Amino acid sequence: MDVGLLTQYVMNGLMLGMMYTLVAVGFTLFFGVLDIIKFSHGDVLTVGAFTALATYIGLRSVGISSTPLLLLAMLVVAILAMAAIGMLIARYLVMPLRSAPPLNTLLITLMLGTVLREMVRLFYPQGANPKPFPALLPTGSINLGQFNLRLDNVIMLAAGVTIIIGLRLLLDRTKLGLAIRAVAQDEETARTMGINFTAIVLITFAIGSALAAVAGVMNGLYYNEINFGMGLLLGVIGFSAAIIGGLGSIYGAILGGFLFAALQTIGAVALPFASAYKDVFAFTVVIALMAWRPTGLIQEKISERV
Amino acid sequence: MPEVKQEAQAPLLPGVVAVALSTAYLIALLAAEKQSLVIGLLAFGIVAVLAAHYMGWLNPVARSFAEREGTLSVYAILAACVVAGFFHDNHFVLLLFVTVLLYTVATLGLNIEFGYAGVLNFAGASFFGIGAYTSAVLNTYTAVPHLLVLLIGGVLAALIGSLLLLPVLRTRGHYAALVTIAFALLLKTFLEVNDVLGGPQGMQVKGMSILGWSFNDNFEVGKIEMSFYLNYFVVSMLLLCGTFVLVRRLERSWIGLNLDAVRLDETAASCFGLDIARWKITAFVLGNFVIGVAGALFGMVGGFVAPNNYTFADSLIMVSILLLGGIGNPWGLVVATFIVVVLPEKLQTIQEYRFLLYALIVIMVLLFRPEGLLPRPVRRYFPGWRA
Amino acid sequence: MSRIVRHLSLFFASAVFVGALVATAQAKDKVKVGFIGPLTGGVSVNGIGGRNSAELAVKLRNADAKAKYEYELVVLDDECKPNVAVQVATKMAADKEIIAGATHYCSATAIATVDVYHKFGFPIIVWGAVLPDITYRSKYAEVHRVNGTMIDQNDANAELISKLGFKNVAVIHDTTDYGKGHNAYFSKSLAKLGGKIVGTFGVTADQQDFTAELTQIKALNPEVIYFGGLTPIGVRIRSQMDKLGIKAVFDGTSGIVSDAFIQGLGPLAEGALAFREGASTEKLPGGKFFLENYAAQKYDNPPEAYGAFSYAAMDLILDSIEKVGPDRKKVIEELANVRDRDSIIGKVTFDDHGQNTVALITKYVVQDGKFVEWDDSEYAAGKRKLPGQK
């Protein structure tokens with residue numbers, strides 16, 4: 001196969017992987033801190049994307065048209081709004097259920113995801129239709145044979161990498177990060193050490209949801225379109241990615257995200273008759289992986305032994 | 001020697017009255033066309049139930065049901081026949097009724113997996129779909145008798161489900177949830193891209209016909225014209241009764257006891273010598289079989305199968321029915337299925353909002369009454385014996 | 001009771017009684033007719049346009065004092081999904097009070113429901129779906145259609161492509177019967193004219209990411225990409241074509257003739273081709289009348305490409321009910337005899353399969369953000385060139 005073509009596929013895979021990783025990291029953060037899976041994460045992503053779009057439309061109608069300013073405003077509004085929503089979800093839906101069987105939390109977040117999705121569909125004007133998302137990044141591109149290197153893809157990749165590195169630094173080098181890791185490891189001891197458990201949980205949810213907002217905006221910029229159902233599949237894929245890599249480990253989430261994207265790309269390339277089978281292929285591999293390593297590739301430190 | 005106190009058997013009357021009142025209410029609700037009337041009836045229903053609850057009238061009813069279940073079940077069947085007879089020429093109401101019956105059967109299957117054995121299954125609609133597609137393919141391409149098609153639908157669902165057995169057995173909690181969710185998405189995508197099974201366009205399903213009696217033709221009894229859906233009603237009713245009896249017997253038997261033990265505490269159960277894997281497999285396979293049979297029949301009732309009917313969202317609806325009615329309680333399932341299926345059809349104004357409303361209701365239930373509307377009662381060993 | 005009160009009450013009661021008699025005598029019998037279209041989802045503008053047009057027909061008829069009955073329009077949403085369509089079709093056909101219906105814009109839904117209508121003996125006239133199988137697969141007396149089929153559309157399409165000198169075409173089509181139908185007919189037409197199909201790709205109707213297919217297409221280097229599908233994924237494919245730097249002509253079908261296509265793409269829509277049976281709404285015989293009345297109702301949504309056909313279908317239904325009364329069987333018989341009937345879209349004749357012949361095909365090209373007829377465009381005049389045109 002032509003090298004340029006191959007590079008194009010690799011680029012596609014990298015972009016997908018970056019987006020999946022951002023979602024997967026969110027899942028892993030929530031699990032680490034509270035031992036819960038917040039299934040509504042994907043739909044928080046959708047709400048974030050729509051919030052950004054609404055901000056854009058609002059600002060444009062007031063006459064602002066400077067692209068960097070618009071992009072910045074969209075990001076800021078989406079991040080703050082999603083962080084707020086994340087905190088509300090944590091405070092009123094997840095924390096009250098900590099003593100209930102984990103199944104209930106799973107179900108409540110699944111249902112919450114449905115609520116978010118339906119609210120976008122029903123209450124955003126013409127929400128059921130896919131909406132064009134403005135292309136706010138520079139669209140220059142360099143043609144290297146069969147490979148078309150687009151500037152906006154590079155910018156998005158770079159941004160994604162920066163965010164992940166930033167998150168890692170936050171967790172490893174700051175006091176807040178220390179607190180988060182402490183709570184993730186052992187809640188009671190952390191409390192004994194004077195860490196405000198509720199505050200840390202709320203902050204973690206805020207961070208995770210902010211990441212979802214960024215992923216949503218990125219998705220919109222990449223496809224130039226958003227629709228109310230985009231979060232469901234992304235959420236499940238992000239969840240699968242987080243699990244493949246092993247819940248609770250950021251490196252695992254990164255590994256899982258790029259692995260899933262690789263699976264999809266390989267599926268699309270290797271199955272010439274219908275690239276639509278790529279999802280079938282990827283999910284089959286996920287199920288098989290779960291059978292082989294029930295707690296993910298990077299094993300959980302504690303696992304049930306019976 | 002202290003005697004086990006045997007109280008007199010609970011009276012039958014409260015249960016019968018409850019069944020009769022519910023039947024009358026149901027007929028009124030199904031017959032009402034004007035939206036204002038429907039909303040009025042619903043408000044009345046809610047107020048009536050709450051009032052009965054606070055006045056303590058629901059307790060004798062619960063006791064009747066718990067102790068005289070056999071007789072009351074017969075009354076319930078009669079009630080269903082009365083409702084069907086009342087609407088004998090109204091196609092749409094009968095179709096709705098048959099849908100409720102078959103969804104109840106499917107959720108009973110899910111109940112065996114979820115409610116008794118604690119095996120998470122978020123792909124209920126997918127197995128339903130496997131059953132439906134089986135009847136589509138077999139009816140179109142072969143001459144297999146249709147009752148046998150139902151069985152084959154169930155067997156195929158169970159077989160395909162057993163492909164998931166290894167991951168399901170080896171995983172716990174969230175990981176187990178992921179396995180069935182991934183399967184649900186996988187199956188829908190597979191059905192959509194696969195042209196052999198009709199792709200996104202779906203397939204038409206020939207109506208059922210037993211011994212030459214075609215189910216898809218209206219028929220007449222004397223001068224009264226009957227909707228052809230009555231045929232399906234009879235078969236669905238038989239299926240529901242059979243499944244209900246099966247589930248009840250299962251729950252009361254030693255199998256049910258083992259399943260409950262596995263669900264409540266796997267470690268303790270295996271310490272007592274129970275083979276966890278064996279019981280989980282039993283529950284999963286049996287549950288999927290039931291779901292598959294219901295799906296096969298539903299395919300023939302609707303006459304059409306398409307991948308979009310069996311998505312992850314539909315599986316979530318089945319799970320919400322289970323939660324709303326009370327995990328593990330078959331009667332609760334019946335009530336919940338009625339609510340979930342009939343309400344959006346009757347309240348046209350909420351048709352668009354129905355997914356949102358289900359999700360909100362389930363969230364409320366999970367936050368404030370996690371046992372569901374009709375929680376599963378504690379296991380009774382001696383009828384009439386109350387600890 | 002005193003005598004006065006008794007007399008007064010008697011008088012009052014009689015007045016009410018007589019008034020009621022008079023009122024019922026004056027009141028026309030109510031008759032229900034139905035409309036089904038995609039009111040939500042990616043192609044909702046077409047569905048809403050069709051619904052508004054059918055509603056307009058009913059309103060105008062109810063305002064007509066000579067009408068024998070008062071009509072009520074029952075509207076259901078098929079979401080452009082076959083399974084939902086079967087459900088709402090069953091609901092409408094099972095309701096004995098609804099006499100007839102104007103149904104479906106999406107071919108995928110229309111082909112799924114023909115058996116339902118036949119099962120319940122419910123007469124329908126299709127107003128927007130173009131798949132030939134809908135009327136030609138089985139000979140159902142209940143099923144009719146006022147708009148044309150995709151066969152002629154694709155013949156004209158292949159003709160224009162060959163005339164412009166393009167030889168290599170890559171085909172992307174959706175996997176519903178609609179897209180598959182387009183693929184089949186276009187391939188046949190193109191082959192007859194000596195063109196070559198370098199690759200065929202099936203995609204799902206709600207697919208998001210086309211980079212895999214488009215990357216492979218890029219390697220095949222076609223001059224034209226033929227798209228057999230609807231507006232939502234048409235928009236995505238065109239914009240992702242641009243992202244990958246593919247410089248082929250985007251050639252679509254009636255599925256993309258919609259304002260939503262241009263709104264979704266902005267300047268990228270320039271130079272896209274599309275084809276549709278029937279003249280543009282303004283050029284139809286009753287076009288001006290229709291557009292004036294439609295505008296007078298102040299709807300939010302334009303009638304879109306098939307609004308006029310929906311109006312004509314509903315009008316035909318109302319005419320039939322006026323003639324033979326609200327009886328499904330009689331309406332079916334009446335519709336079988338439609339020959340050279342006048343309507344706003346011209347003369348309507350149903351052949352033995354219930355299909356109306358619409359011979360004229362309009363060729364469109366997107367120019368400056370609007371669908372312009374090819375012959376009137378600057379492309380035909382040579383002032384602008386399509387990508388890769390010599």
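So that the names make sense, note that chain A is the first sequence line, chain B the second, and so on, each numbered from 1. Bear in mind the structure is a predicted one, so any value in this text is a computation, not a measurement.
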- [ ] For this output row, return yes or no: ring centroids of B/Y103 and B/F128 closer than 6.0 angstrom.
- [x] yes

TODO: Would you mind checking if C/R137 and C/D115 are paired as a salt bridge, meaning a charged N to carboxylate O distance below 4.0 Å?
DONE: yes

- [ ] Anything in residues 106-113 of chain C with a heavy-atom distance to chain B below 4.5 Å? Please list those residues in order.
- [x] C/A108, C/I111, C/A112

Open item on the list: If you count every heavy atom of other residues, nucleotides or ligands that lies below 6.0 Å from C/K59 atom NZ, does the total exceed 12?
Closed with: yes

Task: side chain to side chain contact (heavy atoms under 4.5 Å, CB included) between C/V126 and C/H144, worked out - done: CA-CA 6 Å; C/V126 176; C/H144 312 82; over 6 Å; no

Open item on the list: I need the contact set between residues 116-124 of chain C and chain B: heavy-atom distance under 4.5 Å, sorted by residue number.
Closed with: C/K119, C/F120

Task: Residue part contacting chain C, namely of B/F304, when any heavy atom lies under 4.5 Å - done: side chain

Open item on the list: Between C/Y226 and C/N154, do the side chains contain a donor N or O and an acceptor N or O under 3.5 Å apart?
Closed with: yes

TODO: Side chain from CB out, backbone as N, CA, C, O: work out which of these in B/L96 comes under 4.5 Å of a heavy atom of chain C, or both, or neither.
DONE: neither

Open item on the list: Looking only at side-chain N and O atoms, does C/Q240 offer a donor or acceptor that is under 3.5 Å from a partner on C/T211?
Closed with: no

Open item on the list: Regarding B/K188 and B/E192, does a basic nitrogen lie under 4.0 Å from an acidic carboxylate oxygen?
Closed with: yes

Open item on the list: Just so I know, are the side chains of C/S254 and C/M150 near enough to count as touching, which here means a heavy-atom distance under 4.5 Å?
Closed with: no

- [ ] For residues B/L150 and B/L297, report the shortest heavy-atom separation together with the two atoms involved.
- [x] CD2-N, 3.4 Å

Task: B/F97 and B/F86 aromatic centres sub-6.0 Å - done: no

